[in-house]
Amino acid sequence: MGLKAREGCCKNAMKFLFSHVGLCGMVVLYCVAGGFIFEHLEKNNEQQICYDSKEEYEPMENKTLTNMLNVITENDGNPDKSVMTIQLRVLLETFRDNSIAIGYDGSVCADYGKADGPTYKWSWPGALFFSVTVISTIGYGHIAPKTFWGRLVCIAYAVLGIPLMLLCLANIGDVLADIFRFIYAKICCCGCCRRKDKTKVVQIKPVAQEPEGAWRSDKTGNMVIPKAPPMKHEFSKIPPKTPESMKGMTNGRPDDVKPVRIIPMDVKSYKTQHEPHRPMPLRNDPVLDDDSDDEDDDFDDKKITVPLTVTMIVIAGYIFGGAVLFGLWESWDWLQSAYFCFITLSTIGFGDVVPGTDFDNPQAQAQLVLGAIYVLFGMAILSMCFSLMQDEIIAKCKWVGQKLGILDKNDDE
């Protein structure tokens, strides 16, 4: 029994590991692996893009500067400065548009990775944050792979990661919903929720005929044990063995004496007739069956639904907490922080407001990691709330259907 019990515990533990903890662990490891992969594929290319954009920017800058000097020289003696102003404005607008198109920010490309140099966008925290936004389908777009292999790997990474993320969210959402429903029933409802009926009435079918030898009651109410019937064995009288009586015998038995004949009986039938029986219940009387299973001591969780207001409060609380944190980290106002949290948790992901983009901030890398954690936990909380809201909406629809007579009250489907 001990070995079987240990095997059962190990099997249940492995089942739980691979159903709940295993899925969450796989998602986390998948994101971590994606961070290392995209960092390796895009980090070196980021520096090369800096060199390419700088090579394209410098000739354009020199040409713009030369044209501006020519305009100033040509209009040096002209008292009307309006023509020169118009020409200079056109040159500056062209330079602005070309600079935006090139995307060069004036960084010293040779100083990438140094203490005082520019910070890599494709560092491991940045690549981790990008991986989370890919498999969660948020897709901010603040950074994107530029290399051939980076884009190819991104396609494969999303094809495998999105179903894994959705499966994990569905699984962990149901688990969190059950836990939240249990806490709501135990704490918020204060034990007022309906319990299962522990007293069960079992109807005994009428007994056709009581077996012989059953216990009966006399007029005083005392139990009377019936007497056992006589044994059904027949024996023939055997004369004593004397020298005179041994004459005329065959194998020690007189020739005129019949052999002993024993009538066998079934042991079970004999016990049934002669052993005392337990008192039979009265006919057609209900019997109270006290079921002491552990399930009877628990709430009927399947009938407990969490109100929509409670789930909305949970979502609003998580958004408010994130707004406070990101407001402190990024120096955003409360509306901008709440806007970012809502756009993130709803997987809209405009990308106009993204944490950790100020790479001059020494805490930018830590903010990216914490942002990824916030997204993962937020998706799980949102999945839990969606599951609770679905149960509540279904319960309300059933209630309306029963009131309208469309559904039967005993219909559980």
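Owing to the predicted nature of the structure, the values given are computational and were not obtained by experimental measurement. The figures that follow rest on heavy atoms only: side chains count, while hydrogens, waters and symmetry mates do not.
- Q365 and S123 are linked by a side-chain donor-acceptor pair at a separation below 3.5 angstrom, with hydrogens and angles left out of the test.
- Within the 3.5 Å criterion, the main-chain N or O of L167 finds no donor-acceptor partner in the side chain of N171.
- By the 4.0 Å N-to-carboxylate-O rule, K396 lies close enough to E392 to be salt-bridged with it.
- A 4.5 Å side-chain heavy-atom check between S99 and M60 finds at least one atom pair inside the cut-off.
- Side-chain N/O atoms of Q48 and D52 include a donor and acceptor closer than 3.5 Å.
- Using bins of under 30°, 30° to 60° and over 60° for the plane-to-plane angle, the ring pair Y184/F180 lands in the parallel bin.
- Taking the ring axis of Y104 as reference, the NZ or CZ atom of K54 does not stay both within 45° of it and closer than 6.0 Å to the ring centre.
- Put simply, the side chain of Y157 gets close to the backbone of Y30: a donor and an acceptor are under 3.5 Å apart.
- With ring centers used as reference points, F377 lies 6.0 Å or more from Y318.
- For Q87 and N75, the side-chain atoms include at least one donor-acceptor pair closer than 3.5 Å.
- Smallest separation of non-hydrogen atoms from G356 and L368: CA-CD2, 3.9 Å.
- Annotation for A338 and A323: closest pair N-CB, 3.7 Å, computed over non-hydrogen atoms.
- Counting all heavy atoms, side chain and backbone alike, V369 lies closest to W124 at CG2-CZ3, 4.4 Å.
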- Pair L152-W149, side-chain contact (heavy atoms from CB on, under 4.5 Å): steps then yes or no: CA-CA 5 Å; L152 186 63; W149 288 106; 3.7 Å; yes
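- Checked against a 6.0 Å centroid threshold, the rings of F130 and W122 count as neighbours.
- For the two cysteine residues C50 and C109, the thiol sulfurs sit under 2.5 Å apart.
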- Evaluate the criterion side-chain contact (heavy atoms from CB on, under 4.5 Å) for residue pair L325 and Y374; output intermediate values, then yes/no. CA-CA 10 Å; L325 293 178; Y374 179 82; 5.5 Å; no
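- Here the side chains of I135 and L164 are not in contact, with every heavy-atom distance at 4.5 Å or above.
- Here CG of L128 is found 11.5 Å from CZ of F38. Values are rounded to the nearest 0.5 Å.
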